Structure formats: structure tokens, C-alpha cells
A.B. asks: 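This is the structure, below, for whatever I ask next.
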Amino acid sequence: MAQEKNNISALAPDALKRPVPEHIGIIMDGNGRWAKKRGMPRKYGHKRGAKVFEEIAEYCCDIGVRYLTVYAFSTENWSRPEDEVSSLMKLFKEYLTATTSRQKEIRIKFIGDISVLDEELQRLIVEMEAKTASKNGLTVFLAINYGGRDEILHAARQLAKEAAEGKLDPQKIDSTMFESKLYTAGAPDPDFILRPSGEKRLSNFMLWQASYSEFVYMDTLWPDFTPELLEQAISEFNRRSRRYGNVE
Ligand code: FPP
């Protein structure tokens, strides 16, 4: 059944023919509204959203996407009600301890400041990163306690420290050196950033890396998101003309 669901030629007959983006960023938005529409608590929407994340990650792996970055918890999300924050942390732990569906070549890396998470969660994160380090299909960057501004400050602080210690000439700092200090060091910038749920903003997601990313917005709430919709987003991205400040 799972195999049938992930049969990409059945899902999209042209799927094997079209170009596949190298890096997709997703702002997984709309869980709360999805739950509210069903008269359920917000955490019910997050739970469903976590399942959809796993399905989309597997699908990305199947079609050959190399990097997928998902926004799971922002530096601003701590201001949500305590019950919602703790249910999200519980969900991350459940995901990290689940033993099912880990057969695919998916490497998991965390981006964000994980040093403030509880010790058990930090330990599970380190274990998961180590366990999947040799997987060579898709790399998933899971953004937890992540903020684009925070990431830029984190990189700036590291460079400033090296300069203060006399290890680095500030004049030599360029984009390549700066990028090497970002959480996503070594990965290409996202080709496109997808935001479901009808909202049209970046919300502190990948501020440095998004400089030439295309944006694809969709009205569907994240818990209703499907591989078919991802295919639609990829088709929209493939129709865009990317000029990087140049002319056609
Ligand atoms: C934004 O939608 C979503 C979040 C703040 C949390 C996203 C988290 C998940 C999808 C779970 C990820 C789990 C794993 C294991 C990676 P919202 O709640 O703000 O929705 P709303 O705008 O409708 O209120």
C-alpha cells in the first residue's frame, strides 16, 4: 500500500520527465486552522501535519530531490500557549523515537539553536543525526528553534570571534565564507519555498538563503497537503524564468 502510494509514475505520468528541484523549502502552515475547522485542539493539527511531513519527505526522496528544509518550530513559536509548545516538543520526540518507515535513504539534520531544548530531545537529535549520517538520498533539514535572523547572527558571531582572535582578516569575509557558518553550510540555496495555507510571507525563514528562491503559495492547509500538490508546486516552479538579476 505504501509502495503504491509512492509510485511516482502512477501519481504523475510525466513525473520522471520533468526537472526536479535540488532544494525545496517548506513553511508547514495551517495546522491550527485545520484542527479548528474540525472542532479539535491545535495539537491535533500538528500531529496530522507531522504525518504529512513524513509522507512528503519520502516522496521528495523518491523523485530525487536532494534537500528538503521544513520549518517545524520558529524562534518566535515559544510565545505560543505552553500546552501547544509542549505538544510540539512531544511530537518531535515521537518522531525521533519511531521505528517505522526509516528504510529510505533520508539523512536528517537539524537547523536552529537546539541548545535550549530539553536534554532528552537534544540527545535524540544527536542520535538521529548520527544514525542517518551515511544515508545518501535526500537530506532533510528540520528547523527547530530556528530563525533566519538568529542564524545570521550566529554566523556573524562566529566570524567576529575568529577575527577578534586574530585568525581571520575581516576584509576577507565574503559570501562563501559567511555561508560556511550558516546552519545549512554546504547545501545549495532553496530553488523554491512553498507556503501552504494561503499566507504570503517568509516569517523569518531562510532569510540569507532565500535571496533568489522562487516563492510558491498554495491555499491548502498543511495537514491536507499531498504529493499531488507538491507536483503542482514543482510544475509552477518549472514554469518560472529565473534571471538572477540578469536579462533573459
Ligand atoms: C504553523 O501552523 C505550524 C507550526 C508552528 C508547527 C509545524 C509543525 C509541524 C507540522 C509538525 C512537525 C513535526 C515533525 C515531527 C517534523 P500554525 O499552527 O500556525 O497554523 P495556523 O496558522 O492555522 O494557526
Side-chain angles (χ1 to χ4, degrees), residues 24-61 65 67-102 104 106-114 116-118 120-129 131-132 138-148 150 183 193-206 217-227 229-230:
I24 301 175
I26 305 184
I27 302 175
M28 304 183 289
D29 196 14
N31 301 338
R33 277 165 282 168
W34 185 89
K36 193 172 174 200
K37 279 202 324 201
R38 287 158 180 79
M40 300 294 281
R42 297 175 58 82
K43 60 184 172 193
Y44 180 69
H46 295 315
K47 200 173 167 85
R48 172 73 205 154
K51 280 215 171 67
V52 171
F53 151 68
E54 292 212 53
E55 190 179 334
I56 293 298
E58 291 194 1
Y59 185 71
C60 283
C61 183
V65 174
Y67 298 90
L68 171 70
T69 303
V70 289
Y71 209 5
F73 193 88
S74 76
T75 44
E76 289 73 35
N77 287 151
W78 295 108
S79 58
R80 293 192 174 206
E82 208 182 309
D83 171 52
E84 183 171 348
V85 171
S86 62
S87 67
L88 277 164
M89 297 300 144
K90 190 165 163 250
L91 210 48
F92 300 146
K93 283 181 193 169
E94 280 169 13
Y95 169 68
L96 290 166
T97 47
T99 49
T100 53
S101 75
R102 295 285 147 75
K104 292 197 189 273
I106 300 181
R107 179 177 192 178
I108 312 283
K109 290 178 104 178
F110 286 77
I111 59 170
D113 178 9
I114 62 159
V116 299
L117 304 177
D118 79 42
E120 187 196 359
L121 188 49
Q122 286 189 51
R123 180 178 55 77
L124 292 170
I125 284 173
V126 171
E127 280 174 17
M128 172 64 91
E129 287 190 334
K131 223 186 294 174
T132 61
L138 172 76
T139 294
V140 171
F141 287 119
L142 242 168
I144 293 185
N145 192 29
Y146 172 88
D150 200 55
Y183 294 128
I193 292 179
L194 170 71
R195 183 160 191 161
S197 96
E199 306 289 356
K200 294 189 172 63
R201 53 181 174 266
L202 205 45
S203 300
N204 205 11
F205 184 59
M206 304 195 94
Y217 299 107
M218 292 181 132
D219 285 334
T220 308
L221 303 173
W222 177 249
D224 285 329
F225 206 76
T226 58
L229 287 167
L230 187 71

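None of these values were measured; they are calculated from a predicted model. Order of listing sets the numbers, starting from 1, for every ligand and every atom in it. Numbers for residues simply follow the sequence, beginning at 1.
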A.B. asks: Could K109 and E129 be called an ion pair, given the rule that one side-chain N must be under 4.0 Å from one carboxylate O?
C.D. replies: no
A.B. asks: Give the residue, atom name and distance (to 0.1 Å) of the protein heavy atom nearest atom 5 (C) of ligand 1.
C.D. replies: N77 OD1, 3.5 Å
A.B. asks: Identify, for atom 22 (O) of ligand 1, the protein heavy atom at the shortest distance, and state residue, atom and that distance.
C.D. replies: R33 NH2, 2.9 Å
A.B. asks: Taking non-hydrogen atoms only, is V52 closer than 4.0 angstrom to ligand 1 via side chain, backbone, both or neither?
C.D. replies: neither
A.B. asks: Counting non-hydrogen protein atoms only, what is the nearest one to atom 9 (C) of ligand 1? Give residue, atom name and distance.
C.D. replies: N31 ND2, 3.7 Å
A.B. asks: Does a salt bridge link R123 with E127, judged by any charged N lying under 4.0 Å from a carboxylate O?
C.D. replies: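 Looking at R123 and E127, the cut-off is met.
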A.B. asks: Any chance the rings of Y95 and F53 have centres within less than 6.0 Å?
C.D. replies: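 Judged by ring-centre distance (under 6.0 Å), Y95 and F53 do meet the cut-off.
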A.B. asks: May I ask you to list the atoms of ligand 1 that are less than 4.0 angstrom from any heavy atom of R80?
C.D. replies: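 Near R80, meaning under 4.0 Å from one of its heavy atoms, ligand 1 has 5 (C), 17 (P), 18 (O), 19 (O).
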A.B. asks: Please list the nearest protein heavy atom to atom 13 (C) of ligand 1 with its residue and the distance rounded to 0.1 Å.
C.D. replies: A50 CB, 3.5 Å
A.B. asks: Look at atom 15 (C) of ligand 1 and say which protein heavy atom is nearest, naming residue and atom and giving the distance to 0.1 Å.
C.D. replies: Y95 CB, 3.5 Å
A.B. asks: Classify the contact between R42 and ligand 1 as side chain, backbone, both or neither, using a heavy-atom distance cut-off of under 4.0 Å.
C.D. replies: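 For R42, the contact with ligand 1 is made by the side chain alone.
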A.B. asks: Can you confirm whether Y44 is buried at OH, in the sense that more than 12 heavy atoms of other residues, nucleotides or ligands lie under 6.0 Å from that atom?
C.D. replies: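 No, not enclosed.
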A.B. asks: I need the atoms of ligand 1 closer than 4.0 Å to a non-hydrogen atom of H46, numbered in the order shown.
C.D. replies: 4 (C), 6 (C), 11 (C), 18 (O)
A.B. asks: Could you find the nearest protein heavy atom to atom 2 (O) of ligand 1 and give me its residue, atom name and distance?
C.D. replies: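 The closest heavy atom on the protein side is D29 OD1, 3.1 Å.
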A.B. asks: Could you find the nearest protein heavy atom to atom 3 (C) of ligand 1 and give me its residue, atom name and distance?
C.D. replies: M28 O, 3.2 Å
A.B. asks: Output the list of atoms in ligand 1 that are nearer than 4.0 Å to some heavy atom of L142, sorted by atom number.
C.D. replies: 16 (C)
A.B. asks: What atoms of ligand 1 come closer than 4.0 angstrom to any heavy atom of F53?
C.D. replies: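 Within the 4.0 Å cut-off of F53, ligand 1 contributes 16 (C).
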A.B. asks: Give the numbers and elements of all ligand 1 atoms closer than 4.0 Å to a heavy atom of A72.
C.D. replies: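 So the answer, numbered in order with elements, is 6 (C), 7 (C), 8 (C).
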A.B. asks: Does any part of the side chain of P41, heavy atoms only, come nearer than 4.5 Å to the side chain of D83, both counted from C-beta?
C.D. replies: no
A.B. asks: Taking atom types as modelled and ignoring hydrogens, do the side chains of S203 and R195 form a donor-acceptor contact shorter than 3.5 angstrom?
C.D. replies: yes
A.B. asks: Say whether Y71, considering both its backbone and side-chain N or O atoms, lies within less than 3.5 Å of an N or O atom on ligand 1.
C.D. replies: no
A.B. asks: Between K104 and E54, is there a side-chain N and carboxylate O pair less than 4.0 Å apart?
C.D. replies: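 So K104 does not pair with E54 through a salt bridge.
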A.B. asks: In terms of heavy-atom contacts, does NZ of K43 have more than 12 from other residues, nucleotides or ligands at under 6.0 Å?
C.D. replies: no
